[in-house]
J.: 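First the structure, then my questions, so here it is.
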Amino acid sequence: MHPIIKKINEMKAVEKTRPLTEEENRELDRLRKEYVALFRESFRSTLLNTVVLDGEGREVTPSKLKQAQRHIKDLKEES
C-alpha cells in the first residue's frame, strides 16, 4: 500500500474515534491532494504509453493521444 494512502487511512481511523484538530485536517487535505497529483501523473504516463488497436489488430489510437505522445517524444529528444 502506498505510504500516503496508509497515512490517510490512519488519520480517518482516528477521526472515527475523535474529531481531528485543525492541523490534522490540513495535513489530511494536503495528503489527499498529493495523492491525487501522483495518481494523475501515473495515469497520464500510462496513457502516453498506450496504443489502441481495433479487433483486427489495426492501430486506431486517437489523433489527440498520438499528438501528445509525439510532443513528449520531441521533448525527450531535445533533452
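Excluded from the calculations below are hydrogen atoms, water molecules and symmetry mates; all remaining heavy atoms, backbone and side chain alike, are included.
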J.: Taking the side chain from T61 and the backbone from K66, do they hold a donor-acceptor pair closer than 3.5 Å?
T.: no
J.: Between the main-chain N or O of V14 and the side-chain N or O of T17, is there a donor-acceptor pair closer than 3.5 Å?
T.: yes
J.: Taking salt bridge (Lys or Arg N to Asp or Glu O under 4.0 Å) as the test, write out the residues that go with E24, two or more places apart.
T.: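 For E24 the salt bridge (Lys or Arg N to Asp or Glu O under 4.0 Å) partners, ignoring immediate neighbours, are R18.
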J.: With a 4.5 Å cut-off on side-chain heavy atoms, are L28 and K12 touching?
T.: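 Yes, at least one pair of side-chain atoms sits under 4.5 Å.
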J.: Take R70 and D74 through the salt bridge (charged side-chain N to carboxylate O under 4.0 Å, His left out) test and state the conclusion after the steps.
T.: CA-CA 6 Å; R70 279 192 299 272; D74 291 345; over 6 Å; no
J.: Does V60 form a side-chain contact (heavy atoms from CB on, under 4.5 Å) with L53? I'd like the steps, not just the answer.
T.: CA-CA 5 Å; V60 293; L53 304 175; 5.7 Å; no
J.: Do I8 and R32 have side chains that get closer than 4.5 Å, going by heavy atoms?
T.: yes
J.: So does S42 get a backbone contact from the side chain of T46, meaning a donor-acceptor N/O pair under 3.5 Å?
T.: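 Yes; judged by distance alone, with no hydrogens or angles, the pair exists.
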J.: Test E34 against R30 for side-chain contact (heavy atoms from CB on, under 4.5 Å), laying out the working first.
T.: CA-CA 6 Å; E34 185 178 345; R30 184 192 66 77; 2.8 Å; yes
J.: Please answer whether the main-chain N or O of L48 pairs with a side-chain N or O of Q69 as donor and acceptor at a distance below 3.5 Å.
T.: yes
J.: Could you tell me the separation between the CG atom of L31 and the NZ atom of K7, rounded to the nearest 0.5 Å?
T.: 7.5 Å
J.: With a 4.5 Å cut-off on side-chain heavy-atom distances among I, L, V, M, F, W and Y, is there a chain of contacts connecting L65 to I72?
T.: yes
J.: Are E23 and R26 close enough for a salt bridge, meaning some N to O gap below 4.0 Å?
T.: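 Answer for the salt bridge query: no.
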J.: Could you state the interatomic distance from OG1 (T21) to CG (N25), rounded to the nearest 0.5 Å?
T.: 7.0 Å
J.: Would you say E77 has more than 12 foreign heavy atoms packed within less than 6.0 Å of its CD?
T.: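 Result for CD/E77: enclosed.
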J.: How far apart are the C-alpha atoms of K6 and M11, what are their side-chain angles, what is the distance that settles it, and do they pass the side-chain contact (heavy atoms from CB on, under 4.5 Å) test?
T.: CA-CA 9 Å; K6 184 177 180 183; M11 293 181 80; over 6 Å; no
J.: Are there more than 12 heavy atoms of other residues, nucleotides or ligands under 6.0 Å from atom CD of E59?
T.: yes
J.: Checking I5 against N9 for the side-chain contact (heavy atoms from CB on, under 4.5 Å) test, could you report, in this order, the C-alpha distance in whole Å, the side-chain angles of both residues, the deciding distance, and whether it holds?
T.: CA-CA 6 Å; I5 293 176; N9 288 341; 3.6 Å; yes
J.: Hydrophobic clusters here meaning ILVMFWY residues chained together by side-chain heavy-atom distances under 4.5 Å, can you tell me if I4 and V36 are in one?
T.: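 In one cluster: no.
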